[in-house]
A.B. asks: 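Encoded as structure tokens, here's the structure I'll be asking about.
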Amino acid sequence: MTLSLSENGSIGGVKWDTIDDKAYQESYFPEPIGTLSMEELKHKLKEYVRLVYFEAYATTKRSPFSQSVLEKTPVLTYQFHFNGSIDAFSGKANEQTQMVAADSVSPFFIQSGGGLFIRTEEEARVVMNTFFGTREDGDLQIISESNLNQYRWVEKNGRIVTVKTDRETRRVIGLEVNGSYSNSDNHVLASHSLSKKAVSVLEPLLAPEIKEVQLERTIQKEHQTEFCFVPLHHGIPVIDRTFFITLNNQTGDLLAIRGDFARALVALPSQQQILSIDDALTIIMNHTQFELMYSWTHDSGNKEKNPLLVYRQRAGSSSRVTMDAKTGEILHD
């Protein structure tokens with residue numbers, strides 16, 4: 001069923017799209033009087049927009065000498081993620097609506113850094129012992145690949161510690177332990193304790209230019225938690241440079257490290273002369289085509305007898321939009 005609107009926002013009528021819709025003609029339809037205006041809707045949608053950097057955003061450019069080529073450039077963007085509906089009267093989003101906010105908006109300030117480097121076997125042993133407390137009864141194996149070196153410490157009890165380094169720079173880019181010591185205690189450490197431990201593990205691995213990181217998301221598993229961090233540039237997250245720390249939920253012991261430690265930092269665009277969030281949302285809302293419509297699917301996910309009057313993106317519109325913060329160009333949807 002479609003509720004048509006004129007350009008000035010007045011109701012033009014209700015259209016039944018399918019035969020099944022007629023079964024609902026006995027339902028009570030809220031009158032579309034006193035609903036949120038587009039400006040009020042825009043205000044509600046602000047929490048689903050954030051300013052983010054990409055160090056290498058892939059765009060397709062036309063070349064005069066060949067076909068389209070893929071070009072990666074640093075860009076400052078507004079990112080919009082809305083997948084659901086907003087009540088046309090209260091402005092409340094349904095429970096299925098997703099936000100784009102990171103897990104923690106409070107930054108972690110990096111006290112040290114500079115990166116870890118392994119140039120000799122002895123340095124490899126020191127790094128392994130520092131992070132994992134390796135035993136002396138192990139055997140060191142070195143495996144060289146095209147773009148990285150692997151140092152593997154195999155202990156007699158079956159535990160294997162692996163450290164990966166970038167072959168060119170010798171910078172440590174990953175650590176992992178398999179067969180770690182078990183703990184029968186069912187006690188699980190508090191999430192804030194684990195996140196602080198993850199930051200302390202991450203600090204020495206970072207380039208000295210990185211002064212702040214933000215917890216972007218966490219992935220909970222039965223016995224472990226993976227923390228995904230991104231660096232901040234003048235308080236704005238750089239979301240395509242990620243660092244992952246995996247810890248044991250019970251002991252806080254390190255299980256794995258991986259991420260973009262070797263890739264050189266790039267110069268990022270200035271934050272000056274960018275669109276305001278209001279102007280950005282105007283472009284995004286026009287692009288995604290928010291409409292006033294009746295919906296029988298409530299927060300529970302079940303269809304009810306009486307519909308709700310909601311704002312929702314037109315069918316076929318993307319729930320994710322990335323827009324250049326300077327030009328207003330839609331880069332991805």
Side-chain angles (χ1 to χ4, degrees), residues 47 50 52 79 81 83 95-113 115-116 127-135 150-153 155 157-165 171-207 210-232 235-263 320:
E47 62 183 291
R50 66 171 179 164
V52 299
Q79 202 175 50
H81 184 194
N83 183 22
E95 293 179 354
Q96 298 172 350
T97 301
Q98 300 180 28
M99 293 181 62
V100 296
D103 278 4
S104 173
V105 295
S106 299
F108 294 94
F109 295 96
I110 302 304
Q111 300 299 322
S112 59
L116 287 180
V127 169
M128 290 176 172
N129 187 57
T130 299
F131 284 92
F132 298 109
T134 51
R135 294 180 173 180
Q150 286 194 53
Y151 297 87
R152 186 174 297 169
W153 185 258
E155 298 178 347
N157 63 358
R159 192 174 77 140
I160 301 175
V161 173
T162 303
V163 178
K164 297 179 181 179
T165 64
R171 181 187 291 272
V172 173
I173 58 174
L175 300 95
E176 183 178 8
V177 59
N178 293 319
S180 58
Y181 306 126
S182 61
N183 188 339
S184 59
D185 185 5
N186 291 324
H187 174 70
V188 177
L189 295 178
S191 59
H192 69 275
S193 299
L194 284 173
S195 60
K196 287 183 178 180
K197 172 66 181 294
V199 173
S200 68
V201 171
L202 178 64
E203 278 184 327
L205 296 164
L206 297 175
I210 297 177
K211 305 299 182 184
E212 298 175 80
V213 294
Q214 177 176 280
L215 180 58
E216 184 71 8
R217 62 183 179 273
T218 57
I219 302 173
Q220 296 280 350
K221 298 182 181 179
E222 185 178 1
H223 300 297
Q224 64 190 46
T225 300
E226 183 178 69
F227 298 88
C228 174
F229 294 94
V230 296
L232 298 179
I236 298 176
V238 185
I239 61 172
D240 60 344
R241 181 180 289 270
T242 51
F243 311 111
F244 296 89
I245 308 293
T246 305
L247 301 179
N248 183 295
N249 288 339
Q250 298 175 348
T251 64
D253 290 342
L254 175 65
L255 300 178
I257 298 174
R258 61 187 176 91
D260 300 313
F261 297 102
R263 195 173 79 230
R320 292 177 180 266

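Counting begins at 1 with the first residue of the sequence. Keep in mind it's a predicted model, so treat the numbers as computed, not measured.
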A.B. asks: Of all the heavy-atom pairs spanning Ser200 and Pro204, show the shortest one and how long it is.
C.D. replies: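 So the two residues come closest at O-CD, 3.4 Å.
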A.B. asks: Measuring only between side-chain heavy atoms, which start at C-beta, is Lys221 closer than 4.5 Å to Thr246?
C.D. replies: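 Lys221 vs Thr246: side chains apart.
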A.B. asks: Looking only at heavy atoms, what is the nearest atom pair of Leu247 and Gly252, with distance?
C.D. replies: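 Heavy atoms only, the tightest pair is CD2-O, 3.7 Å.
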A.B. asks: Is there a side-chain contact between Leu254 and Val177 (heavy atoms, below 4.5 Å)?
C.D. replies: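 Leu254 does not reach Val177 side chain to side chain.
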A.B. asks: Could you point out which residue of Leu255, Ile219, Asn249 forms a side-chain contact (heavy atoms from CB on, under 4.5 Å) with Thr225?
C.D. replies: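 Among Leu255, Ile219, Asn249, the one that satisfies the side-chain contact (heavy atoms from CB on, under 4.5 Å) with Thr225 is Asn249.
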A.B. asks: What is the minimum heavy-atom distance between Arg135 and Trp153, and which atoms define it?
C.D. replies: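 Taking Arg135 first and Trp153 second, the nearest heavy atoms are O-NE1, 3.1 Å.
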A.B. asks: Considering all heavy atoms of both residues, which atom of Leu215 and which atom of Ser195 are nearest to each other, and what is their separation?
C.D. replies: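 Shortest heavy-atom separation between Leu215 and Ser195 comes out as CD2-CB, 4.5 Å.
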A.B. asks: Hey, could you give me the CG/NZ distance between Asn248 and Lys197, rounded to the nearest 0.5 Å?
C.D. replies: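 Reported to 0.5 Å precision, the distance equals 9.5 Å.
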A.B. asks: For the residue pair Glu226 and Arg258, establish whether any side-chain heavy-atom pair is separated by less than 4.5 Å.
C.D. replies: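 In contact.
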A.B. asks: What's the spacing between Arg152 CZ and Lys164 NZ if we round to 0.5 Å?
C.D. replies: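 Rounded to the nearest 0.5 Å, the CZ-NZ separation comes out at 8.5 Å.
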A.B. asks: Got a second to check how far Gln214's CD is from Ile239's CD1, nearest 0.5 Å?
C.D. replies: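 Between Gln214 CD and Ile239 CD1, I get 10.5 Å after rounding to 0.5 Å.
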A.B. asks: So, taking the atom named CD in Glu212 and the one named CZ in Phe108, what distance separates them when rounded to the nearest 0.5 Å?
C.D. replies: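 Rounded to the nearest 0.5 Å, the CD-CZ separation comes out at 11.5 Å.
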A.B. asks: Is the shortest side-chain heavy-atom distance between Leu206 and Val213 below 4.5 Å?
C.D. replies: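 Yes. Closest side-chain heavy atoms under 4.5 Å.
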A.B. asks: Please report the interatomic distance CZ(Phe132) to CD1(Ile160), rounded to the nearest 0.5 Å.
C.D. replies: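 One gets 12.5 Å once the value is rounded to the nearest 0.5 Å.
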A.B. asks: Please check if the side chain of Arg241 supplies one atom and the backbone of Arg263 the other of a donor-acceptor pair under 3.5 Å.
C.D. replies: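 Here the side-chain-to-backbone pair exists.
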A.B. asks: Which heavy-atom pair separates Arg50 from Pro237 by the least distance, and what is that distance?
C.D. replies: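 Distance-wise, the nearest heavy atoms are NH1-CG, 4.1 Å.
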A.B. asks: Look up atom CG in Leu205 and atom CD1 in Ile210, then write down how far apart they are to the nearest 0.5 Å.
C.D. replies: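 If I round to the nearest 0.5 Å, the distance is 10.5 Å.
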A.B. asks: Identify the heavy atoms of Thr134 and Arg159 that sit nearest to each other, and give their distance.
C.D. replies: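 Scanning both residues, the minimum pair turns out to be CA-NH2, 3.5 Å.
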A.B. asks: Among Val127, Val161, Leu116, Val201, exactly one meets side-chain contact (heavy atoms from CB on, under 4.5 Å) together with Leu175. Which residue is that?
C.D. replies: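 For Leu175, the side-chain contact (heavy atoms from CB on, under 4.5 Å) check succeeds only for Val127.
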A.B. asks: From the options Phe229, Phe227, Phe261, select the one residue that forms a ring-ring contact (aromatic ring centres under 6.0 Å, His included) with Phe243.
C.D. replies: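 Of Phe229, Phe227, Phe261, ring-ring contact (aromatic ring centres under 6.0 Å, His included) with Phe243 is met by Phe261 alone.
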